[in-house]
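The structure under discussion appears below in the form of structure tokens.
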Protein chains: 2
Amino acid sequence: MVLKHKHDHDACIETALEAAQKICEERETRFTPLRRRVLELVWSKHEPITAYEVLDLLSEGQKRVAPPTVYRALDFLIEEGFVHRIESLNAFVGCSDPAHKHQGHFMICTKCSNVTEMNERSLHDVIEAAAKANGYSYENSILEIAGICENCRN
Amino acid sequence: MVLKHKHDHDACIETALEAAQKICEERETRFTPLRRRVLELVWSKHEPITAYEVLDLLSEGQKRVAPPTVYRALDFLIEEGFVHRIESLNAFVGCSDPAHKHQGHFMICTKCSNVTEMNERSLHDVIEAAAKANGYSYENSILEIAGICENCRN
DNA sequence: GATGACTTGATATTCTATAACATTCAGGGC
DNA sequence: GCCCTGAATGTTATAGAATATCAAGTCATC
Ligand SMILES: [Zn+2]
Ligand SMILES: [Zn+2]
Ligand SMILES: [Zn+2]
Ligand SMILES: [Zn+2]
């Protein structure tokens with residue numbers, strides 16, 4: 001995998017886990033060992049990871065877990081805003097800004113599979129305006145843009 | 001189902017079929033009876049329809065067809081731009097402007113399931129600009145906005 | 001009527017996700 | 001401590017979505 005910027009990914013994972021831990025304490029929701037482990041596995045790649053890939057990793061060195069175990073943990077993590085689901089890939093990715101609940105908008109590189117989360121207020125506003133212009137109230141939106149990232153073009 | 005505007009849906013279907021027929025003649029692609037029938041079934045509701053719903057309808061009064069039959073026909077129709085896939089619903093919907101190939105952007109009513117296709121150049125431009133701003137080349141994009149339509153709010 | 005490209009049929013399997021019910025675990029009141 | 005309760009996890013089975021593979025049919029062209 002080609003990372004956009006080389007970095008200490010272990011630290012990257014650790015930061016995400018600590019942030020989640022802290023948020024759960026504030027919200028008084030339960031960041032159980034299982035949920036923590038699943039979040040860790042989602043962050044183990046910068047690429048989106050499928051539920052069954054998580055399942056395989058989670059099952060290493062122990063009795064194989066069943067799908068509901070993974071899906072329930074993912075549901076919790078999505079609900080809390082620590083993970084986003086990428087609809088076009090049936091896959092999951094850690095959120096880059098878990099402190100503020102939001103719908104993620106994504107760029108997906110078709111070469112290296114890296115994903116960039118865009119949290120641009122302006123983009124969100126344009127989308128909401130488009131909904132209103134078409135007579136719809138706005139609830140949420142999925143935006144997934146496929147393209148080739150800077151790294152892969154060079 | 002609540003239609004946004006009451007209309008003669010049979011005529012609506014017929015128009016879509018004729019448009020497809022004409023485009024295929026121009027492109028010299030094969031609008032076979034099966035493909036025609038699948039497009040007709042996709043248009044049979046204004047709501048998105050799943051591949052297996054198409055399969056069930058297609059199988060009525062005859063030997064049950066197999067999934068690849070439906071998926072191949074849908075692939076063709078998508079390729080030609082007569083049908084769009086709604087990622088967030090694993091479902092398919094007829095394109096409102098088949099004459100011009102494009103990526104569809106959609107509003108989806110969470111109450112009545114009606115879908116509105118938005119083909120607004122400005123929206124497309126904003127999305128493409130956002131991709132560029134994040135260092136990505138643009139290939140295509142999925143935009144699916146959930147909300148409640150005008151009818152359902154009244 | 002043989003050739004080859006495309007389309008459809010048929011069988012099996014893979015991948016994704018959820019339903020339903022049992023068991024375990026954490027915390028609060030007694 | 002013990003019981004109660006609700007949440008979390010375990011377990012089994014099934015549903016839902018999509019594809020791989022190979023066989024058979026169709027159709028235009030040589
Ligand atoms: Zn996010
Ligand atoms: Zn890339
Ligand atoms: Zn369209
Ligand atoms: Zn509606």
Side-chain angles (χ1 to χ4, degrees), chain A residues 20-21 24-25 27-42 45 47-80 82-93 113 142 144, chain B residues 20-21 24-25 27-42 45 47-80 82-93 113 142 144:
Chain A
Q21 173 97 45
C24 284
E25 279 166 14
R27 294 180 188 158
E28 298 186 37
T29 54
R30 295 177 56 192
F31 196 51
T32 64
L34 175 65
R35 290 166 174 174
R36 181 189 178 88
R37 176 73 179 130
V38 169
L39 181 57
E40 187 181 10
L41 291 172
V42 169
K45 310 198 293 179
E47 299 169 64
I49 188 169
T50 70
Y52 278 75
E53 284 172 343
V54 171
L55 198 161
D56 288 341
L57 293 170
L58 191 56
S59 300
E60 279 180 5
Q62 65 165 96
K63 186 164 183 294
R64 185 170 178 81
V65 303
T69 299
V70 172
Y71 280 102
R72 283 189 294 228
L74 287 171
D75 286 346
F76 171 84
L77 297 171
I78 289 168
E79 178 65 28
E80 294 293 328
F82 305 154
V83 166
H84 295 294
R85 181 181 153 79
I86 310 286
E87 295 291 337
S88 61
L89 302 175
N90 290 342
F92 304 85
V93 67
S113 298
I142 293 158
E144 297 170 12
Chain B
Q21 173 96 47
C24 283
E25 279 167 13
R27 293 180 188 158
E28 298 186 37
T29 54
R30 295 176 56 190
F31 196 51
T32 64
L34 175 65
R35 290 165 175 174
R36 181 189 178 88
R37 176 72 179 134
V38 169
L39 181 57
E40 187 181 10
L41 291 172
V42 169
K45 310 198 292 181
E47 300 169 61
I49 189 171
T50 70
Y52 279 74
E53 285 171 342
V54 171
L55 197 160
D56 288 342
L57 293 171
L58 192 56
S59 300
E60 279 179 4
Q62 64 163 95
K63 185 162 184 294
R64 186 171 178 78
V65 303
T69 299
V70 172
Y71 281 101
R72 284 189 292 226
L74 287 171
D75 286 347
F76 172 84
L77 297 171
I78 290 168
E79 178 65 28
E80 294 293 328
F82 305 153
V83 166
H84 295 293
R85 182 182 152 81
I86 311 287
E87 295 291 337
S88 60
L89 302 175
N90 290 343
F92 304 84
V93 67
S113 299
I142 292 158
E144 296 170 13

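Proteins come first, then strands; the chains are lettered A, B, ... in the order of their sequence lines, and each starts at number 1.
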Could you state the CD-P distance from A/Glu79 to D/dA7, rounded to the nearest angstrom?
14 Å
So which atom in B/Pro67 and which in B/Tyr52 form the shortest heavy-atom distance, rounded to 0.1 Å?
CG-OH, 3.5 Å
Can you name the one residue among A/Leu57, A/Leu58, A/Thr32 that meets side-chain contact (heavy atoms from CB on, under 4.5 Å) with A/Val38?
A/Leu58
note: A/Tyr71, atom OH; C/dA19, atom C1'; distance rounded to Å ~ 14 Å
Whole angstrom value for the distance that separates P of D/dA8 from CG of A/Leu74
15 Å
Rounded to whole Å, please give me the gap between CG in B/Leu55 and C1' in D/dG16.
12 Å
N/O (side chain, B/Lys63) to phosphate O (OP1/OP2, C/dA10) under 4.0 Å:
yes
Kindly say whether A/Ser88 contributes a backbone atom to a donor-acceptor pair with the side chain of A/Glu144 at under 3.5 angstrom?
yes
For A/Phe92 and C/dC15, what is the distance between atoms CZ and P respectively, to the nearest whole Å?
16 Å
C/dC15 base stacked by A/Tyr52? Criteria: ring centres under 5.5 Å, plane angle under 30°.
no
Quick one: on DNA chain C, does A/Asn90 or A/Pro68 contact a more 5' nucleotide (nearest heavy atom)?
A/Asn90
Look at B/Arg35 together with B/Glu80 and state whether they make a salt bridge at an N to O cut-off of under 4.0 Å.
no
Nearest heavy-atom approach of A/Ser59 to A/Val65 is OG-N, 3.2 Å
Establish whether the base of C/dG9 is bridged to the side chain of B/Arg64 by a donor-acceptor pair shorter than 3.5 Å.
no
A side-chain contact here means heavy atoms from C-beta on lying under 4.5 Å apart; do B/Glu53 and B/Leu41 qualify?
no
Can you tell me how far C1' of C/dC15 sits from CD1 of A/Ile49, to the nearest Å?
15 Å
Need one value for A/Arg85: base, sugar-phosphate or nothing, where a base atom within 4.0 Å counts as base even if backbone is also close, heavy atoms only.
sugar-phosphate
Considering only side-chain heavy atoms of A/Thr69, which listed nucleotide, C/dT16, D/dA18, D/dG10, is closest?
D/dG10
Which atoms form the tightest heavy-atom contact between B/Leu34 and B/Thr69, and what is the distance?
CD2-CG2, 3.7 Å
What residues in residues 28-38 of chain A put a non-hydrogen atom under 4.0 Å from any atom of DNA chain D?
A/Arg30, A/Thr32, A/Leu34, A/Arg35
To the nearest angstrom, the CZ-P distance between A/Phe76 and D/dA8 comes to 7 Å
Would you kindly give the CD1-to-C1' distance between B/Ile86 and D/dG16, to the nearest whole Å?
18 Å
